[in-house]
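Every value quoted in this text rests on a predicted model; they were computed, and no experiment measured them. To find a chain, count down the sequence lines: A is the first, B the second, and so on, and within it residues start at 1.
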Amino acid sequence: MSGVTDPRLVRKAPSRPLRISWADERFRNIIYQALVVGAVLAVLYWLWSNTRYNLEVRRIATGWDFLWREAGLPIGESLIEYDPSMSYFRALQVGVLNTLKVAVIGIVLATILGTLLGVARLSKNWMLNKFAAAYVEIVRDLPLLLQLLFWYALLQGLPGPRQAFNPIEGVFLSNRGLKVPFFVWESAHSWALLAFVAGIAATYFYRRWARAKQYQDGEIRAIWPAGLAFMIGAPLAVWAAMGAPFTPDIPALRGFNFRGGIDISPEFFALLLGLTLYTAGFIAEIVRAGIQAVNQGQWEAAEALGLPRGRVMNLIVLPQAMRVIIPPMTSQFLNITKNSSLAVAIGYQDIVSIANTTLNQTGQAIEGIAIIMLVYLTISLSISLFMNWYNKRIALVER
Amino acid sequence: MSDITANTTLHSSAAARRAPISLVGPMAWMKTNLFANWWSTAITLALGYLFIRTGVSFIDWAFVNAIWTVPVSPAGIANTEACREAKGVGACWAVIHEKHRFILFGTYPYDEHWRPLVVCFLFIGLYIVSAMRRFWRWELALIWAAVLTVIGVLMWGGVLGMTYVPQERWGGLPITLILATFGLAFAFPVAILVALGRRSNLPAIKALCVLYVELIRGVPLISLLFMASVMFPLFLPEGMNIDKLLRAQVAIILFAGAYLAEVVRAGLQALPKGQYEAADALGLSYWKKTCFIILPQALRLVIPPLVNTFIGFFKDTSLVLIIGIFDLLTAGKTAIIEPAWQGFGVEVYITLGLIYFLFCYAMSKYSAGLETELNKGRRR
Amino acid sequence: MSAAETLASSVRADAPPAISLKGVNKWFGALHVLRDVNLNVALGERVVVCGPSGSGKSTLIRCINRLEEHQEGQIIVDGIELSNDLRSLDAIRREVGMVFQSFNLFPHLTILENCTLAPIWVRKMPKKEADELAMEYLTRVRIPEQASKYPGQLSGGQQQRVAIARALCMKPKIMLFDEPTSALDPEMIKEVLDTMVMLAETGMTMICVTHEMGFARTVADRVIFMDRGEIVESGEPQSLFSNPQTERLQTFLSQILRGH
């Protein structure tokens with residue numbers, strides 16, 4: 001068929017010139033759009049000129065210079081070095097990190113809890129099923145702010161450090177927060193952590209190699225022994241090789257409070273607890289819907305072929321369920337991040353709380369709120385982009 | 001078998017027998033649902049033990065050892081000794097007994113409490129009427145307009161012999177209901193316009209709508225509320241003042257509009273293309289087509305997600321606590337600031353939780369029931 | 001070859017039956033859906049099960065590979081008794097292939113992967129061997145060119161033929177068909193029935209639940225009529241269709257054959 005083109009590709013469509021006439025639909029559309037855009041711009045201009053006038057009259061400063069001024073802002077907990085003599089910019093950085101800290105940990109915990117609950121909702125055991133259903137219904141029908149205030153009030157109602165709850169050796173729960181024992185971090189531990197991360201990568205590559213070998217000779221190799229060796233055995237070996245240092249750091253009561261161990265403030269604890277329990281309820285429903293979306297026929301066909309239940313789950317059901325689960329799941333991750341802004345109501349200093357204090361102290365409301373919105377918009381746009389990319393990649397191919 | 005040449009028939013039909021006892025009845029139900037295998041039995045026993053233990057301690061705390069009232073001096077100071085002694089052992093429901101009027105109605109004048117009470121019932125009535133399918137016509141908008149006006153008149157007063165009550169004195173449950181309902185009422189038309197705009201093929205309009213929706217959905221409601229409370233006054237010309245409640249209401253409307261727009265857009269997309277084409281073939285203009293053919297069907301398709309979104313807003317109104325507006329949650333939190341009642345937050349929040357739960361659970365069950373009903377009708 | 005000749009050539013009179021059901025009873029809750037079913041199917045025999053809806057015919061064949069559990073009675077497949085023992089269950093399912101009314105192809109895998117999945121993971125075949133096996137069967141059902149496409153890109157008739165090839169790749173001794181053409185558009189029914197006829201000519205033991213009486217006449221050694229959970233009549237297709245003995249079968253035939 002060389003040399004003969006499809007006759008449908010030979011001529012191009014003629015372009016229609018635009019007639020400046022009300023009868024031409026394209027012309028009308030352009031006018032409509034111009035009018036709407038014009039109206040929006042007019043309103044924006046009116047708002048902007050009012051703002052300029054008001055800012056002048058009330059002698060409110062504008063501009064971003066305030067960022068480099070000394071903050072004088074005490075911050076209770078911070079992931080990086082901070083003291084009140086540093087700039088507002090630094091304080092805001094602390095705020096962003098605090099937000100990310102509670103968001104990331106919240107996402108991990110909520111996903112684990114939510115997945116367990118979602119699977120429980122599908123259980124044949126009536127008690128487990130109804131318990132999970134009741135949990136989800138209660139958590140979804142109460143405002144998040146109410147739940148946060150409730151947990152915070154509960155924590156504050158706990159006795160003081162001197163009468164703290166001591167459920168296990170070294171763990172203390174009081175109205176000053178949760179104290180957990182830890183150990184002194186030394187270089188051996190950093191190396192062990194590195195070995196763990198390397199172990200994850202190693203397990204992944206081993207799995208790929210095992211699959212390729214299986215295609216060659218048909219033998220099915222178990223992954224978990226190697227995974228155990230890489231992810232647990234190797235770090236332990238590294239730690240032992242470097243002298244196996246382990247100095248426990250147990251909280252002990254000194255004076256009015258505890259020293260040592262890891263300190264989890266009641267604000268952080270209440271926020272994390274509230275966010276996790278709340279979002280887990282939504283994730284549970286997403287997981288349940290995802291697994292149920294894979295219709296029963298897929299199970300039956302796979303079992304009829306002789307595949308054992310574990311393989312059916314791994315090879316047939318989960319890949320299809322993931323397609324239904326991941327999009328709303330990322331939406332929930334975004335929600336946790338946005339909901340962490342409620343921290344301001346219970347005194348945890350996230351970006352909203354610090355930006356709010358900043359704008360109160362400097363009077364520069366517009367810049368302050370702009371910073372808040374910018375931070376969250378960046379996070380949501382990144383998540384949206386990731387989601388779009390992921391969806392395109394895994395979309396089922398259809399006619 | 002292989003040498004059968006004639007048909008074989010059964011000579012006596014076996015009568016259908018009752019299923020063996022191990023298959024039906026309560027014993028069978030328990031066996032399949034609670035004790036199917038050892039794993040299931042373990043879970044049943046563990047959960048059962050947990051329920052009973054927590055249940056008993058909760059009943060002890062909430063009922064058996066609870067303090068229901070405390071003596072109040074003539075000057076209005078409550079003597080909460082009894083409650084403090086019982087802390088941790090028994091609930092202090094006395095805080096509700098003393099403060100329930102404040103929690104429900106805020107600082108509204110005591111003698112006029114019947115007015116916000118009627119308002120609350122009007123709202124509930126409005127929700128119930130909107131939920132009934134008989135009323136799903138355009139006339140429903142008129143009913144909403146009428147009821148909302150009556151509510152406004154009752155709250156403000158100043159006419160028909162009712163004393164005028166300024167907005168600063170309003171508080172509690174009516175504020176929550178006002179923010180949620182007016183929010184929905186005004187956000188709905190905005191949402192429809194934005195959803196239509198997003199699907200339009202005029203690029204400028206589509207871009208504006210996309211910008212609006214993505215901006216609003218990317219930021220937390222708190223930032224919009226802050227914007228309302230702090231920035232809106234800067235946007236307005238000198239002399240024009242909008243009070244705080246109205247500013248918060250506008251922020252909620254903008255917020256709700258974006259989320260509702262996405263739900264409506266899903267409905268517009270779900271409607272089969274044939275409907276649009278049939279309407280065009282009949283020669284209907286864009287607006288006639290949209291109002292008479294497209295929207296009624298598209299909206300019906302997405303009523304369950306719409307109700308779910310409304311449940312979300314209803315809960316989100318509680319965020320106005322952070323900008324100092326006196327809704328139900330704020331009233332609850334303020335009730336325990338008084339030294340006498342400090343520290344009894346748990347009891348107050350449980351009560352507030354019950355109120356919110358009643359509203360949201362009812363709406364949630366309604367939405368679920370509606371979905372099943374609509375699906376039944378749709379199956380071919 | 002006529003049905004009787006094929007059967008005679010592939011079956012010895014004294015061989016144990018491929019499938020044996022004795023006194024099988026099943027309840028769904030309080031509903032007695034299979035009532036004292038007794039059935040023996042010889043190796044190489046082709047059986048068609050017909051009956052009105054709700055008669056239990058689908059339930060019957062789903063009990064054979066334990067997609068449904070029977071409460072009373074005995075089912076022996078390929079010499080192994082069906083019970084809750086997982087290992088014997090796996091052994092049975094390897095030898096029994098099933099084709100479903102709604103195809104149930106795996107949408108996230110290609111046609112080739114659909115067919116090679118079970119040989120690789122259950123029979124532990126190397127991939128190359130599995131691919132060749134799959135292409136052989138795809139050629140036999142006459143759609144080898146679709147091997148790298150996805151189920152969503154195929155028509156209903158093509159999907160069902162893939163489903164047949166997928167089941168055959170496990171080289172089962174027995175094939176079960178649960179209304180394989182009921183979900184197909186009329187113009188695609190023929191291609192699937194032709195495939196099933198071709199399969200029957202290779203001497204495969206088949207139990208087929210279907211309404212397609214033409215297929216029954218061409219291929220079946222025996223037709224079984226079920227109603228309300230019990231086997232009412234059974235016999236050669238010719239005599240069953242032209243000489244129904246019971247009133248129930250007469251009513252059923254008059255309803256089915258009205259359209260023919």
Side-chain angles (χ1 to χ4, degrees), chain A residues 29-30 32-34 36-37 40 46-48 50-51 53-55 57-58 60 123-129 131 137-138 140-147 149-150 152-154 156-157 159 334 337-342 344-345 352 356 359 365-366 368-369 372-373 376-381 384, chain B residues 29-30 32-34 36 39-40 43-44 47-48 51 87-88 201-205 208 214-215 217-223 226-227 230-231 233-238 240 311 314-319 321-322 329 332-333 336 343-346 348-350 352-353 356-357 359-361 363-364:
Chain A
N29 286 343
I30 295 180
Y32 284 152
Q33 292 177 76
V36 168
V37 172
V40 169
W46 179 69
L47 291 177
W48 177 68
N50 285 337
T51 313
Y53 175 77
N54 284 324
L55 286 177
V57 163
R58 300 181 202 197
I60 299 175
S123 158
K124 295 215 176 65
N125 184 312
W126 180 88
M127 264 203 162
L128 190 59
N129 194 324
F131 166 73
E137 191 70 47
I138 292 179
R140 279 157 49 119
D141 287 338
L142 295 174
L144 175 58
L145 190 52
L146 176 64
Q147 296 183 42
L149 290 174
F150 173 79
Y152 193 53
L154 207 61
Q156 294 207 298
L334 185 56
T337 317
K338 288 193 287 178
N339 284 338
S340 69
S341 56
L342 266 61
V344 70
V352 171
N356 186 30
L359 73 89
I366 300 184
I369 295 186
I372 296 178
M373 291 190 160
Y376 282 103
L377 275 175
T378 318
I379 299 179
S380 9
L381 276 174
S384 279
Chain B
W29 182 89
M30 290 217 305
T32 22
N33 289 324
L34 294 177
W39 175 238
S40 187
I43 294 184
T44 307
L47 279 179
F51 281 153
K87 203 157 196 300
N201 41 26
L202 304 180
I205 303 210
L208 277 173
E214 294 305 316
L215 264 170
R217 279 162 51 108
V219 297
L221 177 55
I222 277 204
S223 60
F226 275 153
M227 209 170 96
V230 170
M231 272 168 80
L234 294 176
F235 289 160
L236 299 171
E238 181 122 51
M240 193 166 161
I311 296 179
F314 192 81
K315 297 185 299 171
D316 283 342
T317 56
S318 54
L319 265 65
L321 175 147
I322 298 180
L329 188 56
K333 190 157 186 264
I336 47 171
F344 294 113
V346 173
V348 169
Y349 294 139
I350 290 184
L352 289 182
Y356 277 109
F357 187 76
F359 277 98
C360 295
Y361 185 67
M363 293 192 269
S364 161

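- Using a 4.5 Å cut-off between heavy atoms, A:Leu381 makes no contact with chain B at all.
- Among B:Gly345, B:Cys360, B:Gly353, the residue making the largest number of heavy-atom pairs under 4.5 Å with chain A is B:Cys360.
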Practice item. Go through A:Val36 and B:Leu202 one step at a time and tell me if the side chain to side chain contact (heavy atoms under 4.5 Å, CB included) criterion holds. Key: CA-CA 11 Å; A:Val36 168; B:Leu202 304 180; over 6 Å; no

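- Only the side chain of B:Leu208 has a heavy atom closer than 4.5 Å to any heavy atom of chain A.
- Here A:Asn125 is the residue among A:Val57, A:Asn125, A:Leu144 with the most heavy-atom pairs under 4.5 Å with chain B.
- Using a distance-only test at 3.5 Å, with no hydrogens or angles considered, a donor-acceptor pair links the side chain of A:Asn50 to the main chain of B:Phe235.
- Classified by interplanar angle (parallel below 30°, tilted 30° to 60°, perpendicular above 60°), the ring pair B:Phe51/A:Phe131 is tilted.
- Heavy-atom contacts from other residues, nucleotides or ligands closer than 6.0 Å to CH2 of A:Trp46 number more than 12.
- B:Arg217 approaches A:Lys338 most closely through the heavy-atom pair O-NZ, 2.7 Å.
- Chain B forms more heavy-atom pairs under 4.5 Å with one residue of A:Ile366, A:Thr378, A:Thr337 than with any other, namely A:Ile366.
- Both the backbone and the side chain of A:Glu137 come within contact range of chain B, each with at least one heavy atom under 4.5 Å from a heavy atom of that chain.
- Considering only heavy-atom pairs separated by less than 4.5 Å from chain B, the leading option among A:Asn339, A:Ile60, A:Ile138 is A:Ile138.
- Using a 4.5 Å cut-off between heavy atoms, A:Phe150 touches chain B through backbone and side chain atoms alike.
- When heavy atoms are compared at a cutoff of 4.5 Å, A:Thr51 approaches chain B by way of both its backbone and its side chain.
- Neither the backbone nor the side chain of B:Ile336 has a heavy atom closer than 4.5 Å to any heavy atom of chain A.
- Chain A forms the most heavy-atom pairs under 4.5 Å with one residue out of B:Pro237, B:Gly48, B:Ala204, and that residue is B:Pro237.
- B:Leu319 touches chain A through backbone and side chain together, each having a heavy atom under 4.5 Å away.
- Nearest heavy-atom pair across A:Asn54 and B:Pro233 is ND2-O, 3.6 Å.
- Taken to the nearest 0.5 Å, the CD1 atom of B:Ile43 stands 6.0 Å off from the OG atom of A:Ser123.
- In this structure, B:Val230 and A:Ala365 approach most closely via the heavy-atom pair CG1-CB, 3.0 Å.
- Under the ring pair (Phe, Tyr, Trp, His ring centres under 6.0 Å) criterion, B:Tyr356 pairs with no residue at all, not counting sequence neighbours.
- Among the candidates A:Asn129, A:Leu55, A:Asn356, the residue making the largest number of heavy-atom pairs closer than 4.5 Å to chain B is A:Asn356.
- Nearest heavy atom pair, residue B:Ser318 against residue A:Pro143, reads OG-CB, 3.5 Å.
- Between B:Ser40 and A:Lys124, the closest side-chain pair of non-hydrogen atoms is not below 4.5 Å.
- Note that CD of B:Glu214 and OG of A:Ser380 are 8.5 Å apart. Values are rounded to the nearest 0.5 Å.
- Looking at B:Ile322, only its side chain comes within 4.5 Å of chain A, counting heavy atoms on both sides.
- Annotation: maximal heavy-atom pairing with chain A below 4.5 Å, among B:Leu47, B:Leu321, B:Leu352, B:Leu236, occurs at B:Leu236.
- Shown here are the ring pair (Phe, Tyr, Trp, His ring centres under 6.0 Å) partners of B:Tyr361, two or more places apart in sequence or in another chain: B:Phe357.
- The backbone N or O of A:Arg140 sits less than 3.5 Å from a side-chain atom of B:Lys315, completing a donor-acceptor pair.
- When each of B:Thr317, B:Val346, B:Asp316 is scored by its heavy-atom pairs under 4.5 Å with chain A, the top score falls to B:Val346.
- Residues B:Leu234 and A:Leu47 fail the side-chain proximity criterion, which asks for heavy atoms closer than 4.5 Å.
- Annotation: maximal heavy-atom pairing with chain B below 4.5 Å, among A:Ile372, A:Leu128, A:Val37, occurs at A:Leu128.
- Between B:Phe226 and A:Val352 there is a side-chain heavy-atom pair separated by less than 4.5 Å.
- Residues A:Met127 and B:Leu34 meet the side-chain proximity criterion, which asks for heavy atoms closer than 4.5 Å.
- With rounding to the nearest 0.5 angstrom, the CG atom of A:Leu142 is 13.5 Å from the OH atom of B:Tyr349.
- Residue A:Ile369 comes nearest to B:Ser223 through the heavy atom pair CG2-O, 4.2 Å, listed as atom of the first residue, atom of the second, then distance.
- Contacts between A:Leu146 and chain B at a heavy-atom distance below 4.5 Å involve backbone atoms as well as side-chain atoms.
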